[in-house]
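Heavy atoms only: backbone and side chains are in, while hydrogens, waters and symmetry mates are out.
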Amino acid sequence: MPVLRIPTPLRAYTNGQSDVTVSGSNISEALADLTTQYPTIKPHLFNDGGELRPFVNLFVGEHNIKDLQGVDTPIKDGEKLMLIPSIAGG
Amino acid sequence: MLPELSRDEILRYSRHLLIPEVGLDGQRKLKNSSALIVGTGGLGSPVSLYLAAAGVGRIGLVDYDVVDSSNLQRQIIHGTSTIGKLKVESAKAKLLDLNPDIQVDIYNEPYTSENALRIAKDYDIILDGTDNFPTRYLTNDVAVFLGKPNVYASIFRFDGQVSVFYAKEGPCYRCLFPEPPPPGLVPSCAEGGVLGVLPGTIGTLQATEALKVLLGIGDPLIGKLLLYNALDMTFDFVKLKKNPNCRVCGPNADIKELIDYEEFCGVPSHDHEDDSAVSSVDITAVELSERVKTNHLMLLDVREPHELKISSMPNAVNIPLGQLAGRLSELDSADDMVVLCKSGSRSMRALELLTSAGFKKVKNLKGGINAWAREVDTELPIY
Ligand SMILES: [Zn+2]
């Protein structure tokens, strides 16, 4: 199953887990599984209309899903997914 | 024509001159080059030290802050002896001690839409070492408008990011982050903390990229983002593409000049204790100390449990901000309530949440428990 890497700012909503195994054959299904496992992360990823928030960057391997097929991007077993946070510290 | 190196400079830079990729010509290029470093804090410290040591001929430093004791856990260009001094003055003295052959120009002012183009236009590259979203968007847009590379780095707790945003050759910061996160979603380092060595790791990578760009060698992080996590000790790279809908560097860009970045991000362009005027929903520490003598007040502390070990108020109920929305049933909206955190910004968001949930008798402790420690209970530590 695909593994989703959770950035530090969002680990508060995944019981501190850095990597969450998710099921699904595309991004949409994988994220639905993530929010079923960890419901409190949902508002941080999706807006009220259920769309991925514009500042959320999700990568499959080294590619941004925005450069692929968005939430319809297919994912393979064992694929590495990464959520990339917007951080501003300096 | 590139400037010549003096006999002293040849000795000073001999380890560079021995590398074929740098050599005498590369070192002369560095001497002829200039770099503007926005922010003289965690990232600005190692970045400016290494660029100065490397012989970058002219370094500009922008910062309007003064050195504070709480900076020294990571801002290693400053020292105990420079606490209270201007950061740019403190840094300049250290840089010129390290390398008197370079020029250090200091700008003791906030980097804003009014002055940024004027300050940045005479530099070859810009390094983003700022600590807040508005100044990051500003730094990006300035670099895009002036056609200069923006060597970017950012940190939070154990995470770091590095890239070279250069709109002429690849994506810009806005291509990746078209919009900032909503205010309050991502804590700043002043609120969320940062491992002291993290800006050292990330800042030296940022300085490395700057030197590569100035020298024109190697494979800079244009179109690539480096992600570092200190806890897992992982380095990941992802590919970044130019966003065709980018509002500053795309073909249909609609942002043609600098905007109001605080308005765009909905947050102030600094990572300080709140210094705004007392508003109608605020209660000051001194007022609170009077009120508790006569009234029954419910104190709601929205900090994380590990922060309570540093300082706490007797009888305060602790519900961390992240849990508040799910635990409103534990509170009584009939109670007079004062919400507090470290310095007043998380509690303000808690107050907004409570107000929208129908709580009408809520006040925000202005300046947080740190203000209480400064003005009322001076035995209490400030952090
Ligand atoms: Zn762009």
Side-chain angles (χ1 to χ4, degrees), chain A residues 2-21 27 35 37-49 51-70 73 75 78-90, chain B residues 38-39 41-44 128-136 153-161 175-182 185-190 192-194 198-199 202-203 224-225 227 229-232 234 236-241 243 245 265 267 271 304 320 322-323 325-326:
Chain A
V3 176
L4 175 61
R5 170 153 279 256
I6 308 290
T8 325
L10 292 179
R11 289 182 194 174
Y13 310 100
T14 60
N15 290 339
Q17 294 299 306
S18 58
D19 294 283
V20 176
T21 303
I27 294 294
T35 55
Q37 292 182 55
Y38 301 104
T40 53
I41 203 171
K42 197 169 181 179
H44 297 273
L45 303 181
F46 296 96
N47 63 24
D48 295 338
E51 288 168 339
L52 214 50
R53 292 182 180 272
F55 64 88
V56 172
N57 278 296
L58 183 60
F59 281 70
V60 178
E62 13 173 60
H63 300 284
N64 195 327
I65 60 164
K66 289 173 185 166
D67 300 327
L68 302 168
Q69 296 151 52
T73 304
I75 41 177
E79 198 136 48
K80 195 168 157 189
L81 312 181
M82 254 200 299
L83 271 169
I84 296 191
S86 209
I87 55 175
Chain B
V38 188
L43 291 167
D128 181 353
T130 61
D131 61 8
N132 62 82
F133 286 110
T135 316
R136 289 194 177 273
S154 187
I155 53 171
F156 176 71
R157 288 195 172 168
F158 297 98
D159 279 322
Q161 302 179 347
C175 289
L176 177 64
F177 298 115
E179 286 177 19
L185 191 67
V186 181
S188 69
C189 289
V194 60
L198 180 71
I202 297 302
K224 282 177 283 188
L225 176 70
L227 300 149
N229 183 284
L231 275 185
D232 311 330
T234 49
D236 289 292
F237 292 88
V238 293
K239 292 203 168 108
L240 303 181
K241 284 199 179 147
N243 179 347
N245 301 316
C265 297
V267 293
D271 181 17
E304 300 300 312
Q323 299 175 15

Inter- and intrachain pairs under salt bridge (Lys or Arg N to Asp or Glu O under 4.0 Å), touching residues 7-17 of chain A, at least two apart: A:R11-B:D232
Pick from A:P7, A:S18, A:P85 with the largest number of heavy-atom pairs that fall under 4.5 Å of chain B: A:P85
Most contacts with chain A, counted as non-hydrogen pairs under 4.5 angstrom, among [options]:
{"options": "B:L43, B:D131, B:I155", "value": "B:I155"}
{"options": "B:L176, B:L231, B:N229, B:N132", "value": "B:L176"}
{"options": "B:G44, B:P182, B:G160", "value": "B:P182"}
{"options": "B:P199, B:C189, B:P181, B:S188", "value": "B:P181"}

Those residues that, when tested against A:E62, pass side chain to side chain donor-acceptor pair (under 3.5 Å) (two or more places apart): B:K239
Min side-chain heavy-atom separation B:P180-A:F55 under 4.5 Å: no
Looking at [Y], is its backbone amide N or carbonyl O close enough to the side chain of [X] to form a donor-acceptor pair, meaning the two atoms are under 3.5 Å apart?
{"X": "A:T73", "Y": "A:L68", "value": "no"}
{"X": "B:D128", "Y": "B:T130", "value": "yes"}
{"X": "B:R136", "Y": "A:A88", "value": "yes"}

Residues in residues 37-47 of chain A that sit under 4.5 Å from chain B, counting heavy atoms only: A:H44
Distance-minimising heavy-atom pair for B:N243 and B:P178: ND2-CG, 4.3 Å
Interface moiety of B:T234 toward chain A, non-hydrogen atoms closer than 4.5 Å: side chain
Residue pairs fulfilling side chain to side chain donor-acceptor pair (under 3.5 Å) with at least one residue in residues 78-90 of chain A, sequence neighbours excluded: A:K80-B:D236
Polar side chain donor-acceptor pair, A:N57 to A:K66, under 3.5 angstrom: yes
